[in-house]
Asks: 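Below: one structure in structure tokens.
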Amino acid sequence: MAQPKYSTHLGMVDILPDEIRKWQFLENLIREEAHKFNFEEIRTPIMEQTELIVRGLGQLTDIVSKEIFAFSRGDDNYVLRPELTAPVVRAYVENHLDQRGGSQKLYYIGPMFRAERPQKGRQRQFHQFGVEVIGSSDAVSDVEVIAFMIHIYHKIGITNTTLKLNSIGDPDSREAYKDALRTYLKPNYEKLSEISKKRFEKNPLRILDSKEEEDQPLIENAPLITDYLNEESVSHYSRVKEYLTDLGISFEEDPYLVRGMDYYTQTAFELISPDLGAQDALAGGGRYDLLIEEIGGQPTPAVGFAAGIERLFIACEELGIDLGGEKEVDVYIVTLGDHARRWGLKQLPKLREKGVSATMDYMGRSMKAQMKDANRENARYAIIVGENELNEGKFTFRDMKESKEEALSFEEISNLLAEQSA
RNA sequence: GAGCUCGUAGCUCAGUUGGUUAGAGCGCCAGGUUGUGGCCCUGGAGGCCGUGGGUUCAAUUCCCAUCGGGCUCCCCA
């Protein structure tokens, strides 16, 4: 096929009418369920100051060091948001949301941007939904966040997932563990993969989830973070696990689970699906008790997760779950001739006012073509109108599913339709 | 950033061992029915065979590059 003159940027896709229904279905579901959990929606700008993202996520993270879309204009630096935790925290601090009292229970849905090489389950513009609970250090908030995440997938029918859980402790625990890890790795430093060598000084934790062949034996025998958690961290972690058990949410402890952003503390979790291929994380999150202060607010504990919408859809496809349903319209007015056409145009608003979805031909086509169109549009009923009907004031009201029709006044038809759509 | 692989109509794909007007199914449009859809029949529109260059008398077919898709590594949603 000839190449179109213009196209989307690499890794960015159009969401077309035939697929929009599943997006709307999911978005509605998220909003309804979030409401049940008493989470409130927050929307922040698509662009943030570069400094917020760099400070928030950490200079050395992959996202910041190589996956950011950034540009400057005058003295201002802009970055397309790669995730929403840091922006939500920025909004929390900037707008003094702590003054609303209690903990803030926020959720979001929207596009994110990362300049990666696209592949299955990975685009440069992709969509996430997520939740941030800011202000509580109680394990109840960790567990509610996880419960909401799982709840959404279960509602949809994605149940063959694994919740991976770990604690990376508070900063003291983590420093103690990093030291232990370095001490352990040092004698074997030369055996480490190149990439792990780079991580050795700055973020040895990340060596743990290295997939390099040569690192595996070293990782196997490495000390575990779990053994270096201080009392407070241990107690928080065990409460999280207890509460999850109370709720009947099963999990798999994974002492090697280390998340990509620097702001995480204590609880870390990921929801994995076997249906996704190489990119198997449906959602991930954790606690980030230091981020608010890092960004310039009061020290405030918080926990949240982010979930990939495209990956959710991939899982649905693999499982044969259809979220969209058919497009449909209540009634299609089929008109013959100019009089009928003008009559039809005038009836449309009356029907819509009664809550009935209604349409008609825009192209002046033959009756047959209009019927075909009504069928394609999945119209439940058709109103057929020509000179005869106009003269008699009785219109042909056709049930497209039953293939039955009767002559009725417009009044009678619109009442019937209004009843049906009520 | 690296590797593998693919690129023919709107979609799914045949095909050309290099040679006159490149095919099918589905979809789209129209007709068969002068006022009736979904089935059926007939016809039509729609491709410089992703783009650029090279080899050749001749390239959609061979070679190179490039762009795009898919998959993988890295990392994450």
Side-chain angles (χ1 to χ4, degrees), chain A residues 1-5 7-13 16 18 57 60-67 81-85 109-130 149 193-196 198-199 203 206 209-213 215 257-261 270-273 276-285 305-315 332 334-337 340 361 363 365-390 395-405:
Chain A
M1 101 191 73
Q3 212 153 47
K5 190 165 181 180
S7 63
T8 60
H9 279 297
L10 177 68
M12 301 188 181
V13 302
L16 302 171
D18 282 339
L57 308 203
L60 298 168
T61 59
D62 285 332
I63 292 180
V64 167
S65 61
K66 58 187 195 196
E67 297 171 5
R81 61 192 198 186
E83 57 96 73
L84 219 48
T85 299
I109 305 174
M112 310 295 157
F113 304 84
R114 293 182 196 173
E116 292 186 278
R117 188 74 193 274
Q119 59 178 276
K120 185 178 188 183
R122 171 181 294 163
Q123 297 169 191
R124 289 186 159 194
Q125 177 176 345
F126 62 104
H127 297 76
Q128 290 184 329
F129 67 93
M149 175 179 85
S193 64
E194 283 313 304
I195 187 144
S196 291
K198 277 184 204 157
R199 289 169 175 161
N203 199 349
R206 292 278 294 287
D209 62 5
S210 161
K211 275 147 191 146
E212 300 292 328
E213 201 57 46
D215 291 338
L257 176 64
V258 178
R259 309 233 349 119
M261 272 72 87
E270 254 174 38
L271 191 67
I272 308 297
S273 163
L276 292 183
Q279 272 61 52
D280 65 352
L282 277 170
F305 80 85
I309 291 181
E310 284 84 354
R311 288 186 187 181
L312 185 154
F313 288 147
I314 292 172
Y332 191 112
V334 174
T335 65
L336 292 119
D361 169 61
M363 306 208 291
R365 289 186 289 186
S366 71
M367 178 173 183
K368 181 178 177 163
Q370 292 184 51
M371 289 301 292
K372 209 175 165 184
D373 199 32
N375 190 58
R376 183 176 29 225
E377 296 298 322
N378 214 358
R380 185 69 183 77
Y381 297 96
I383 299 172
I384 300 165
V385 47
E387 289 300 327
N388 299 344
E389 285 84 352
L390 286 175
F395 305 90
T396 306
F397 184 55
R398 182 178 178 83
D399 184 324
M400 298 291 284
K401 276 201 189 100
E402 306 295 327
S403 297
K404 288 179 186 157
E405 57 191 41

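We name chains A, B, ... by the order of the sequence lines, and we start the count at 1 in each one.
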Asks: Return yes if the base of B:rG37 and the side-chain atoms of A:Asp373 contain a donor-acceptor N/O pair under 3.5 Å, otherwise no.
Replies: no

Asks: Provide, to the nearest angstrom, the distance between the CG atom belonging to A:Leu57 and the P atom belonging to B:rC76.
Replies: 12 Å

Asks: Identify whether the distance between the nearest side-chain nitrogen and carboxylate oxygen of A:Glu116 and A:Arg122 falls below 4.0 Å.
Replies: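 Salt bridge present between A:Glu116 and A:Arg122.
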
Asks: Among B:rG68, B:rG35, B:rA30, which is the nearest nucleotide to the side chain of A:Ala369?
Replies: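 Selected nucleotide: B:rA30.
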
Asks: To the nearest angstrom, how far is A:Ile384 atom CD1 from B:rG37 atom P?
Replies: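 One finds 9 Å between P of B:rG37 and CD1 of A:Ile384, rounded.
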
Asks: Quick one: label A:Glu310 by what it contacts on the DNA or RNA (base, sugar-phosphate, nothing), any heavy atom closer than 4.0 Å.
Replies: nothing

Asks: Could you check whether A:Gly337 gets within reach of a base, just the sugar-phosphate, or nothing at all, counting any heavy atom under 4.0 Å?
Replies: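 The residue A:Gly337 makes no contact with any strand.
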
Asks: Before you tell me yes or no, could you show the steps for A:Ile383 and A:Tyr332 under side chain to side chain contact (heavy atoms under 4.5 Å, CB included), namely the whole-Å CA-CA distance, both residues' side-chain angles and the distance that decides it to 0.1 Å?
Replies: CA-CA 6 Å; A:Ile383 299 172; A:Tyr332 191 112; over 6 Å; no

Asks: Please give, in whole Å, the distance from B:rU36 C1' to A:Ile383 CD1?
Replies: 15 Å

Asks: Quick one: pull up CG in A:Leu390 and CG in A:Leu336 and give me the separation to the nearest 0.5 Å.
Replies: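 Those atoms lie 10.0 Å apart.
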
Asks: With no hydrogens and no angle check, is any side-chain donor or acceptor of A:Glu270 less than 3.5 Å from a backbone partner on A:Ile272?
Replies: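 No, the answer is negative, given that no donor and acceptor are paired below the 3.5 Å cut-off.
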
Asks: Describe, in one word, how the ring planes of A:Phe397 and A:Tyr381 are oriented to each other, choosing from parallel (under 30°), tilted (30 to 60°) and perpendicular (over 60°).
Replies: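 The arrangement is parallel - the two ring planes meet at less than 30°.
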
Asks: Based on Watson-Crick and G-U pairs with both distances under 3.5 Å, what dot-bracket line describes RNA chain B 5' to 3', crossing pairs as [ ] and inter-strand pairs as |?
Replies: (((((((..((((.....[...)))).(((((.......))))).....(((((..]....))))))))))))....

Asks: Across the strands shown, which category fits A:Gln125 at heavy-atom distances under 4.0 angstrom: base, sugar-phosphate, nothing?
Replies: nothing

Asks: Check this for me: does the side-chain of A:Gln370 come within 3.5 Å of the base of B:rU36 through a donor and an acceptor?
Replies: no

Asks: Tell me if the side-chain of A:Arg122 makes a donor-acceptor pair with the base of B:rC75, cut-off 3.5 Å, by modelled atom types.
Replies: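 It does, because a donor-acceptor pair links the side chain of A:Arg122 to the base of B:rC75 below 3.5 Å.
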
Asks: Identify whether any heavy atom of A:Gly121 sits under 4.0 Å from a base atom; if not, whether one sits that close to sugar-phosphate; answer base, sugar-phosphate or nothing.
Replies: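 Base, at least one base heavy atom under 4.0 Å.
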
Asks: May I ask you to verify whether the side chain of A:Ser403 and the base of B:rG38 hold a donor-acceptor pair under 3.5 Å?
Replies: yes

Asks: Could you tell me whether the side chain of A:Ser366 has a donor or acceptor atom within less than 3.5 Å of a complementary atom in the base of B:rG35?
Replies: no

Asks: What does the list of N/O pairs under 3.5 Å between the protein and nucleotides 2-6 of chain B look like, with a distance for each?
Replies:
from  : atom 1 : to       : atom 2 : distance (Å)
B:rA2 : N6     : A:Arg117 : NH1    : 3.3

Asks: Determine the interatomic distance between P on B:rA59 and the same-named atom on B:rU17; round to the nearest Å.
Replies: 16 Å

Asks: Looking at A:Asp280 and A:Arg311, is there a salt bridge between them, counting it only when a charged N and a carboxylate O are closer than 4.0 Å?
Replies: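 Salt bridge flag = no for A:Asp280 with A:Arg311.
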
Asks: What I want to check is whether an N or O donor and acceptor connect the side chain of A:Lys368 with the base of B:rG32 at under 3.5 Å.
Replies: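 Present.
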
Asks: What does A:Leu282 touch in the nucleic acid at a heavy-atom separation under 4.0 angstrom: a base, only the sugar-phosphate, or nothing?
Replies: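 Here A:Leu282 touches the backbone only, sparing every base.
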
Asks: Check every strand shown and say whether A:Lys372 touches a base, only sugar-phosphate, or nothing at a heavy-atom separation below 4.0 Å.
Replies: sugar-phosphate

Asks: Which pair of non-hydrogen atoms, one from A:Ile384 and one from A:Met371, has the smallest distance, and what is that distance?
Replies: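 Nearest heavy atoms, A:Ile384 then A:Met371: CD1-SD, 4.2 Å.
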
Asks: If you measure from NZ on A:Lys120 to CD1 on A:Ile314, what distance do you get to the nearest 0.5 Å?
Replies: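 Output value for this atom pair is 6.0 Å.
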
Asks: Does B:rC29 have OP1 or OP2 under 4.0 Å away from a side-chain N or O of A:Arg365?
Replies: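 Yes, A:Arg365 has a side-chain N/O under 4.0 Å of OP1/OP2 on B:rC29.
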
Asks: Answer with yes or no whether A:Glu387 presents, from its side chain, a donor or acceptor under 3.5 Å of a partner atom in the base of B:rG35.
Replies: no

Asks: For a quick check of understanding: with a heavy-atom distance under 4.0 Å over all strands, which category does A:Ala374 fall into, base, sugar-phosphate or nothing?
Replies: nothing

Asks: Nearest 0.5 Å please: distance from the CD atom of A:Gln119 over to the CD atom of A:Gln123.
Replies: 11.5 Å

Asks: Whether the side chain of A:Glu116 and the base of B:rA77 hold a donor-acceptor pair under 3.5 Å is what I'd like checked.
Replies: yes

Asks: So, OP1 or OP2 of B:rC29: does either fall under 4.0 Å of a side-chain N or O from A:Arg376?
Replies: yes

Asks: Looking only at atom C1', what distance separates B:rG32 and B:rC48, rounded to whole Å?
Replies: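 The answer is 36 Å between these two C1' atoms.
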
Asks: In whole Å, what is the span from the CG atom of A:Leu336 to the P atom of B:rU34?
Replies: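 About 11 Å, once rounded to whole Å.
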
Asks: Check the distance between B:rA77's P and A:Gln119's CD and give it to me in whole angstrom.
Replies: 14 Å

Asks: Under 4.0 Å, heavy atoms only, any strand: does A:Glu405 hit a base, just the sugar-phosphate, or nothing?
Replies: base

Asks: Among A:Glu389, A:Arg365, A:Gln370, A:Met367, find the one that has a side chain to side chain contact (heavy atoms under 4.5 Å, CB included) with A:Thr335.
Replies: A:Gln370

Asks: In whole angstroms, how far is the P atom of B:rA30 from the CE atom of A:Met367?
Replies: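 Spelled out: CE on A:Met367 to P on B:rA30 is 15 Å.
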
Asks: Return no unless some side-chain N or O of A:Gln128 is found under 4.0 Å from OP1 or OP2 of B:rA77.
Replies: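 No, because none of the side-chain N or O atoms of A:Gln128 sits under 4.0 Å from OP1 or OP2 of B:rA77.
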
Asks: Choosing from B:rG38, B:rU72, B:rG35, which nucleotide comes nearest the side chain of A:Asn388?
Replies: B:rG35

Asks: May I have the distance from A:Asp280 (atom CG) to B:rC75 (atom C1'), rounded to whole angstrom?
Replies: 12 Å

Asks: Rounding to a whole Å, what distance do you find between A:Met12:CE and B:rC67:C1'?
Replies: 17 Å

Asks: Considering all heavy atoms of both residues, which atom of A:Glu83 and which atom of A:Gln128 are nearest to each other, and what is their separation?
Replies: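 So the two residues come closest at CA-OE1, 4.3 Å.
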
Asks: If you assign A:Arg124 and A:Pro118 each to the RNA chain B nucleotide with the nearest heavy atom, which residue ends up on the more 5' nucleotide?
Replies: A:Pro118

Asks: State, to 0.1 Å, how close A:Met112 and A:Pro82 come at their nearest heavy-atom pair, and which atoms those are.
Replies: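 Heavy-atom minimum between the residues: CB-O, 3.8 Å.
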
Asks: Considering every strand and a 4.0 Å limit on heavy-atom distances, what is the contact class for A:Leu10: base, sugar-phosphate, or nothing?
Replies: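 Sugar-phosphate contact only - A:Leu10 comes under 4.0 Å of backbone atoms but never of a base.
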
